[in-house]
Amino acid sequence: METLEAIRKRRSVRNFTGEKVPREDLLKIIAAGHMAASGHNKQPWDFVVVTEREMLDEIAARCSAWVAKAAAVIVIVVDPASRWWMEDGSAVAENILLAATDLGYGSVWLEGRMLPHEEYFKQRLGIPADRRILTFVPIGVPEAWPAAPAKKALDEVLHWERW
Ligand SMILES: Cc1cc2nc3c(=O)[nH]c(=O)nc-3n(C[C@H](O)[C@H](O)[C@H](O)COP(=O)(O)O)c2cc1C
């Protein structure tokens, strides 16, 4: 798939079949995240890949029920001592969403529902106290590809030369 096609096709997918995703595909997706740009090339990130049923169910119970049918949740962990941790982690997350799309999988940036449980999952997943979870990214085989969500017209937000 061409890059622009993946960008256009990407959706937040929240309906999965429950089928497994091969480990090599998860590795390709994570490697794409790991190729992201980062301020001063600090790469202040780590990945925790959750595929075990018990933990997927815990994430589903605390965050969003539909996670139970995801094949994996990629936990993007960042070092907040690094100056651009949020930007760097976000670049990783977008690369992961696009790589998942490219390989035909559904994915979603699951941050809002994760944040109230961040400390709980840091402990459960053995993540060092001085790190943050930027977001969870559930990955799975989509049951159906969602329709395009409403987006602002580009004209509304685009300013050539000056605002
Ligand atoms: C910072 C951030 C936090 C998000 N948190 C959640 C979340 O907690 N749960 C969820 O289902 N989607 C979450 N999303 C996905 C958005 O709802 C989604 O990107 C938006 O509705 C646009 O849809 P699209 O991704 O299909 O273009 C989040 C996205 C971002 C960028």
Side-chain angles (χ1 to χ4, degrees), residues 1-19 21 25-26 29-30 32-39 43-51 55-80 82-125 127 131-158:
M1 191 185 290
E2 293 298 326
T3 308
L4 287 177
E5 193 188 343
I7 289 169
R8 275 192 291 266
K9 192 174 171 212
R10 186 206 59 78
R11 304 272 184 278
S12 289
V13 175
R14 304 179 181 88
N15 57 339
F16 301 108
T17 61
E19 282 167 78
V21 169
D25 284 351
L26 289 175
I29 291 166
I30 293 158
H34 186 53
M35 291 302 293
S38 64
Q43 307 167 54
W45 52 67
D46 283 84
F47 305 95
V48 179
V49 187
V50 173
T51 59
M55 186 55 69
L56 291 175
D57 285 347
E58 262 188 59
I59 294 173
R62 286 187 172 251
C63 301
S64 290
W66 44 262
V67 176
K69 286 196 152 184
V73 171
I74 298 171
V75 182
I76 301 177
V77 180
V78 283
D79 181 356
S82 191
R83 180 167 171 192
W84 292 290
W85 64 273
M86 203 179 280
E87 293 86 343
D88 297 344
S90 297
V92 168
E94 188 69 12
N95 273 13
I96 282 178
L97 299 178
L98 292 175
T101 306
D102 184 80
L103 293 174
Y105 298 114
S107 59
V108 56
W109 188 317
L110 181 60
E111 180 175 338
R113 293 292 192 113
M114 174 282 295
L115 276 176
H117 309 285
E118 183 185 1
E119 286 308 317
Y120 174 84
F121 283 113
K122 273 174 67 177
Q123 289 199 0
R124 288 289 286 127
L125 298 167
I127 294 168
R131 303 300 167 93
R132 296 282 314 264
I133 298 177
L134 182 96
T135 188
F136 288 159
V137 184
I139 307 272
V141 176
E143 213 157 39
W145 203 255
K151 299 278 179 189
K152 292 179 185 176
L154 185 56
D155 280 354
E156 258 185 70
V157 295
L158 174 62

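Remember, it's 1-based here, ligands and their atoms both numbered in the order they're listed. Owing to the predicted nature of the structure, the values given are computational and were not obtained by experimental measurement. Heavy atoms only: backbone and side chains are in, while hydrogens, waters and symmetry mates are out.
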Handout entry: Crowding at NE2, His34 (>12 non-hydrogen neighbours, <6.0 Å)
Key =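 Result for NE2/His34: open.
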Sub-4.0 Å heavy-atom approach of [X] to ligand 1:
{"X": "Phe136", "result": "no"}
{"X": "Arg10", "result": "yes"}
{"X": "Pro149", "result": "yes"}

Only heavy atoms of [X], strictly under 4.0 Å: list the atoms of ligand 1 that pass.
{"X": "Arg11", "result": "26 (O)"}
{"X": "Lys151", "result": "22 (C), 24 (P), 27 (O)"}
{"X": "Trp66", "result": "11 (O)"}

Do you know which two heavy atoms are closest between [X] and [Y], and how far apart they sit?
{"X": "Phe16", "Y": "Ile139", "value": "CE2-C, 4.1 Å"}
{"X": "Glu94", "Y": "Trp109", "value": "OE1-CZ3, 4.2 Å"}
{"X": "Gly112", "Y": "Pro116", "value": "O-CD, 3.3 Å"}

Suppose we measure from [atom] to each protein heavy atom; which comes out shortest, and what is that distance?
{"atom": "atom 3 (C) of ligand 1", "answer": "Glu111 CB, 3.6 Å"}
{"atom": "atom 21 (O) of ligand 1", "answer": "Arg14 NH2, 4.3 Å"}
{"atom": "atom 8 (O) of ligand 1", "answer": "Arg113 N, 2.8 Å"}
{"atom": "atom 14 (N) of ligand 1", "answer": "Trp109 O, 2.9 Å"}
{"atom": "atom 7 (C) of ligand 1", "answer": "Leu110 CD1, 3.7 Å"}

Practice task
Say whether, by atom type as modelled, one donor and one acceptor occur between the side chain of Arg11 and the main chain of Arg8 under 3.5 angstrom.
Solution key: yes
Problem - Polar side-chain atom of Thr17 near backbone of Pro142 as donor-acceptor pair, under 3.5 Å - result: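 Looks like no, no N/O pair under 3.5 Å.
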Practice task
Would you give the length of the straight line joining atom CG of Asp88 to atom CG of Leu134, rounded to the nearest 0.5 angstrom?
Solution key: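 So the CG of Asp88 and the CG of Leu134 are separated by 10.0 Å.
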Practice task
Evaluate the ring planes of Phe121 and His117, with Trp represented by its six-membered ring, and classify them as parallel (under 30°), tilted (30 to 60°) or perpendicular (over 60°).
Solution key: perpendicular
Practice task
Would you mind finding which of Ala150, Ala148, Ala93, Ser12 brings a heavy atom closest to atom 25 (O) of ligand 1?
Solution key: Ser12
